[in-house]
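To start, the structure itself, in structure tokens.
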Amino acid sequence: MSLFPKAGGLRRTIRDTIRVFNRNKTSWAGLVLLLFMVSLAVLAPWISPYDPIDQNILERLSPASAEHLLGTDHFGRDILSRILWGARISLSVGTISVLMGMAVGTVLGILAGYKGKYWDYMIMGVMDVFMAIPTLLMGLMVVAVLGPNLVNLTIAIALTVAPRFARIARAPTISIKNRDFVEAGRAMGFSDLRIMAGHIFPNILGELIVMGSLWIATAVRIEASLSFIGLGVKPPTPTWGGMIREGFQNILSDPWISIYPGIFILITVLAFNMLGDGLRDAIDPKLRNS
Amino acid sequence: MSKELLKVEGLQTFFTIKKGFPNPVTHTVRAVDEISFHINRGESFGLVGESGCGKSTAGRSILRLVEPHGGQVHLSGQDVLAMDKDQLREMRRKMQIIFQDPYSALNPRQTIGKILAEPLHVHRLGTKGEIRDRVFALLKEVGLPPEAANKYPHEFSGGQKQRVGIARALLFEPELIIADEPVSALDVSIQSQVLALMQGLQETHNLSFLFISHDLAVVRYFCSRVAVMYLGKIVEQGPVKQVFDEPLHPYTKVLRGASPIPDPTLSKKMLRMEGEVPSPLDPPTGCHFHPRCPDVMEVCKNQYPSAISVDSERTVACHLYSQKQG
């Protein structure tokens with residue numbers, strides 16, 4: 001694979017990476033938590049005790065008990081079951097939209113930072129306009145054009161996230177393009193594409209990963225608010241954000257309806273952040289080989 | 001093949017700066033202003049001057065890493081400034097650069113092997129095996145062990161990184177290497193090693209160097225001819241020995257005075273530099289050096305002196321000498 005194989009080969013590279021990952025125990029905790037969340041989502045059909053949309057008016061608003069581990073909501077639906085099923089949508093919309101926004105934003109940000117001048121004015125001008133549009137309005141626009149469904153909801157969130165990543169990518173690109181190794185690349189006859197993709201991108205990836213793990217949290221939240229006004233996932237399909245919104249009606253008397261899905265969002269976000277920090281260190285050769 | 005490898009004539013590189021709000025004023029910095037010199041095959045040519053005098057910009061303009069605004073650059077008779085993108089790519093294989101700061105010259109995310117192999121891949125110079133052999137041969141030539149190929153830049157000292165930089169400059173077997181302060185970021189003890197390496201390579205590869213430096217002692221050691229720059233212009237050029245031992249231009253004299261010589265009896269004869277380097281945004285009228293010149297005359301304040309050939313090899317741009325001739 002590599003032109004200059006190390007003694008021990010690929011196995012050693014992986015071992016070095018794992019070693020850095022190991023140095024920070026919290027990154028393992030993040031990984032384990034995240035895998036736990038993903039397995040809950042995957043196994044939802046088998047492990048959830050009730051049908052998540054099955055209403056049982058007689059048992060509505062009942063607190064946690066042996067029958068309903070996390071209680072029921074105002075329609076008498078089992079909250080634990082709804083959380084497990086909701087994890088499927090919330091996790092996938094959150095990660096996919098951030099990955100999409102990250103891809104688009106990073107490409108545009110590097111392009112703007114590296115090419116400068118007109119490219120910079122044009123790209124960042126458009127990004128600023130996108131940033132000025134409130135998320136809900138962006139959602140409305142996308143849904144009005146493309147129609148309301150899960151894919152378009154993801155696209156709407158990605159459009160909100162992309163300008164943030166363009167900014168995050170642009171600033172370090174400008175500082176790195178003035179370093180001598182970029183100039184050396186030009187003196188070697190490297191194309192702009194090779195310099196941007198092969199030399200600038202690996203040097204800003206650490207920042208992007210950390211930002212991405214933070215934005216997944218926000219994406220889950222945005223999904224909640226868009227679903228709430230009927231622009232994404234329609235009730236009664238459970239999503240974490242949607243559950244928090246629904247719980248607001250009874251927040252004073254029965255707060256758990258909102259609190260339990262909130263705790264799951266919190267744990268997920270925390271897991272992504274801890275994992276992101278560990279990943280950033282693991283891809284840094286300075287830490288990997290020392 | 002002619003003796004002359006690189007010929008630079010009237011090279012100009014300007015930068016524009018917008019200053020002020022709400023009515024920005026455009027300033028033009030004449031970083032390199034009509035400089036002319038030539039470099040022969042197998043020769044080391046020095047370019048010296050204070051920081052900010054435009055010597056690095058001159059080097060980068062010749063490579064077209066910075067686009068010059070005027071003048072001519074010929075490499076083995078080919079017009080460099082008239083080349084299109086593809087021709088420029090080919091030309092850059094004959095002309096390479098070594099950077100001052102070895103820390104920023106190497107991509108921290110690439111191994112040394114990748115740094116050296118990538119340019120060969122890009123230009124499709126050989127199969128994987130050939131490229132690998134070439135990289136190992138180059139590492140050996142600059143005095144690094146083959147294991148270095150698997151290491152990352154941060155695992156090396158400044159001097160070792162500079163060796164990698166030199167190996168990279170040699171990848172395409174260039175004819176000319178522009179060395180932009182190649183040793184000024186290194187410890188003095190390492191400087192001599194790297195200079196010796198460069199000298200050895202110059203002999204084995206028949207290289208020419210454009211050696212940009214502010215260190216007169218290093219230039220004296222390394223170069224045969226030298227040009228002295230002040231605020232974007234060459235004030236004096238000629239063989240190193242003559243220029244440094246019997247300087248003609250007052251600026252060269254004070255520059256010599258600022259460079260220490262290990263001989264206590266000479267101390268009283270040294271000229272001291274007065275004042276600061278003027279802002280290149282707003283250079284003095286006439287001769288740029290006149291506000292600091294010990295021999296300033298009335299004519300210096302209004303008119304820039306043209307370069308005068310003192311003998312076949314030396315030129316100086318100073319009114320002191322134009323009057324003697326005229």
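Heavy atoms only: backbone and side chains are in, while hydrogens, waters and symmetry mates are out. Naming: A, B, ... by sequence-line order, numbering from 1 per chain.
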Evaluate the side-chain proximity of [Y] to [X]: yes if any heavy-atom separation is below 4.5 Å, no if none is.
| X | Y | value |
| --- | --- | --- |
| Phe172(B) | Met188(A) | yes |
| Glu118(B) | His199(A) | yes |
| Pro108(B) | Phe181(A) | yes |

task: Using a cut-off of 6.0 Å, state whether more than 12 heavy atoms not belonging to Met141(A) lie near its atom CE.
output: yes

task: Tell me, for Arg60(B) versus chain A, whether the close heavy atoms (under 4.5 Å) come from the side chain, the backbone, both or neither.
output: side chain

query: Considering only heavy atoms, which portion of Leu106(B) lies under 4.5 Å from any heavy atom of chain A: side chain, backbone, both, or neither?
result: backbone

- line: The reported gap from CG in Asp180(A) to CD in Gln100(B) (rounded to nearest 0.5 angstrom) is 8.0 Å

- prompt: So how far is it from Asn107(B) CG to Asn203(A) CG, rounded to the nearest 0.5 Å?
  reply: 4.5 Å

query: Counting N and O atoms only, with roles assigned by atom type, does the side chain of Glu183(A) sit under 3.5 Å from a partner on the main chain of Leu65(B), one being a donor and the other an acceptor?
result: no

field: Contact leader toward chain A among Gly165(B), Ala105(B), Pro102(B), where contacts are heavy-atom pairs under 4.5 Å
entry: Ala105(B)

query: Hey, which of His123(B), Arg93(B), Arg168(B) has the most heavy atom pairs under 4.5 Å with chain A?
result: Arg168(B)

Write down the atom of [X], the atom of [Y], and the distance for their closest heavy-atom approach.
| X | Y | answer |
| --- | --- | --- |
| Arg179(A) | Ser104(B) | NE-CB, 3.8 Å |
| Ala184(A) | Phe99(B) | CB-CE1, 3.4 Å |
| Ala187(A) | Ile97(B) | CB-CG2, 3.9 Å |

message: For Asp79(B), give me all partners under side chain to side chain contact (heavy atoms under 4.5 Å, CB included), at least two apart in sequence or on another chain.
response: Gln72(B), His74(B), Leu81(B), Ala82(B)

- request: Please list, in residue-number order, every residue in residues 85-92 of chain B that has a heavy atom less than 4.5 Å from any heavy atom of chain A; write 'none' if there are none.
  value: Arg89(B), Arg92(B)

